[in-house]
There are 2 protein chains.
Amino acid sequence: MARWQPHAPERLAVAALELFEERGYENTTVIEIAERAGLTKSTFFRHFQDKREVLFGRGSMTDLLAKGIAGAPAGAAPLEAVACALDLVGQEAFTPERREFAARRRTVIAGHPELQEREALKGLALVASMTDALRRRGVPGLTACVATELGALAMKIAYEGWSGTTGGADFGTRARQALGDIRAATALC
Amino acid sequence: MARWQPHAPERLAVAALELFEERGYENTTVIEIAERAGLTKSTFFRHFQDKREVLFGRGSMTDLLAKGIAGAPAGAAPLEAVACALDLVGQEAFTPERREFAARRRTVIAGHPELQEREALKGLALVASMTDALRRRGVPGLTACVATELGALAMKIAYEGWSGTTGGADFGTRARQALGDIRAATALC
DNA sequence: CACGGTGATGAGACTTGGTCCCATCACCGT
DNA sequence: ACGGTGATGGGACCAAGTCTCATCACCGTG
């Protein structure tokens, strides 16, 4: 019995990702995931709210983004504060050693609406967190919304590029590049 | 037995909304919804993919938005094409007689993460549909993304205002107003 | 009017996600 | 050696969702 080995949540996440890749999300039961990790269904649901969450539990991106915006230089414009937040995410979360895992995870999610649904909800939480953080800097409501929305788009573009290619630029520089392109594109709308 | 009465999907949707308001989403079973509509669980799942979908099945907003963008004047800028699409939505979908139902539905959704998740996914589909429609007009990819994202924000703001107040401006004018404000806000980012 | 085809419905078995309660086991300090 | 604490295993239980088959209403035809 593999009881009391540490890192149960991580073992469950790895087992889940492997099984989802092997037989697909919907052909994998929670019991099978738990068994591969040497645990049981009870323990799975003790660590994760539901079956989808096993791919999303890692780190609270919302806090990271809020912290990044709060820590931006005092005179920084809204979009510059967002860029600081994306830099922080690149340093703390989307690090090179997590790239491969992120890529595999992204492929699995792309193939299952149920998982895309969860990702979309997480995205809403990120947007809300960034908007709140900007408001706390004194940015007016609508301006904060717009800056956040553009920042979220930059984050999505940078994430796809970063996770989709081996080597190349790191997440932070990709995000800054995307933000610059987006800023230029707003003039053409 | 209430067999063979018409409009089964609509009866199910009304019954579901009533029950969700009375006892909450998670305290309502699919069997109870079906019974109130004079039907059974089998029939419920024949009309709706799952329990959440009973609040979202109505009309395909994606087609409406795509049609609105495709039908915009030839020389219209991306954001102007988006405004045309939002006008069309205001005329065809968010009509005054559907306002009350929309408001009740919005309140229920706001109280349950499971429903917000579905709504977030529907939102992604709307964004994808609008972006594709803009690209078919020859708008470059990134510009289309930005215009769509700003349009989605305007749609959200207009929808909240329209469904949240009795009387007042209709959806289309609210959307155009929001789009103007957003355009002004982009200059402050 | 009888008949058969079609399509929507009812009924119920079945799998799985998810909750809950309780017994069990390992670790740790005394 | 002993007891407390916290994570785990086990199993009952409910609801979501799938599947199959029987049933019923409607409609056209002879």
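Chain letters run A, B, ... following the sequence lines, proteins first and then strands; every chain starts at 1.
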Could you state the atom-to-atom distance from CG of Leu12(B) to P of dA8(C) in whole Å? 14 Å
Sorted by number, residues from residues 107-120 of chain B placing a heavy atom under 4.0 Å from DNA chain C are none
So, taking the atom named NE2 in His47(B) and the one named OG1 in Thr43(B), what distance separates them when rounded to the nearest 0.5 Å? 6.0 Å
Of residues 42-49 of chain A, the positions that come close to DNA chain D - non-hydrogen atoms, cut-off under 4.0 Å: Ser42(A), Thr43(A), Arg46(A), His47(A)
State whether Arg52(B) places a side-chain N or O below 4.0 Å from either non-bridging phosphate oxygen (OP1 or OP2) of dG17(D). yes
Is it true that atom CD of Glu160(A) has more than 12 heavy atoms of other residues, nucleotides or ligands lying nearer than 6.0 Å? yes
Evaluate the ring planes of Tyr159(B) and Phe94(B), with Trp represented by its six-membered ring, and classify them as parallel (under 30°), tilted (30 to 60°) or perpendicular (over 60°). tilted
Run through DNA chain C and report every stem of 3 or more consecutive Watson-Crick or G-U pairs, distances under 3.5 Å, ordered by first number. C:1-30 with D:1-30
Heavy atoms of Leu115(B) and Phe56(B) approach each other most closely as O-CZ, 3.6 Å
Could you state the interatomic distance from CD1 (Ile109(A)) to CG (Leu55(A)), rounded to the nearest 0.5 Å? 5.5 Å
Which residues share a salt bridge (Lys or Arg N to Asp or Glu O under 4.0 Å) with Glu53(A), sequence neighbours left out: Arg118(A), Lys122(A)
Filter on side chain to side chain donor-acceptor pair (under 3.5 Å), then keep only pairs touching residues 144-153 of chain A, sequence neighbours left out; what's left? Thr131(A)-Thr148(A)
Between C1' of dG17(C) and CG of Leu55(A), the distance in whole Å: 16 Å
For the atom pair NE2 (His112(A)) and CD (Glu26(A)), what is the distance rounded to the nearest 0.5 Å? 5.5 Å
Within residues 24-33 of chain A, which residues have any heavy atom lying less than 4.0 Å from an atom of DNA chain C? Thr28(A), Thr29(A), Val30(A)
Is any N or O donor-acceptor pair between the side chain of Lys41(B) and the base of dG17(D) shorter than 3.5 Å? yes
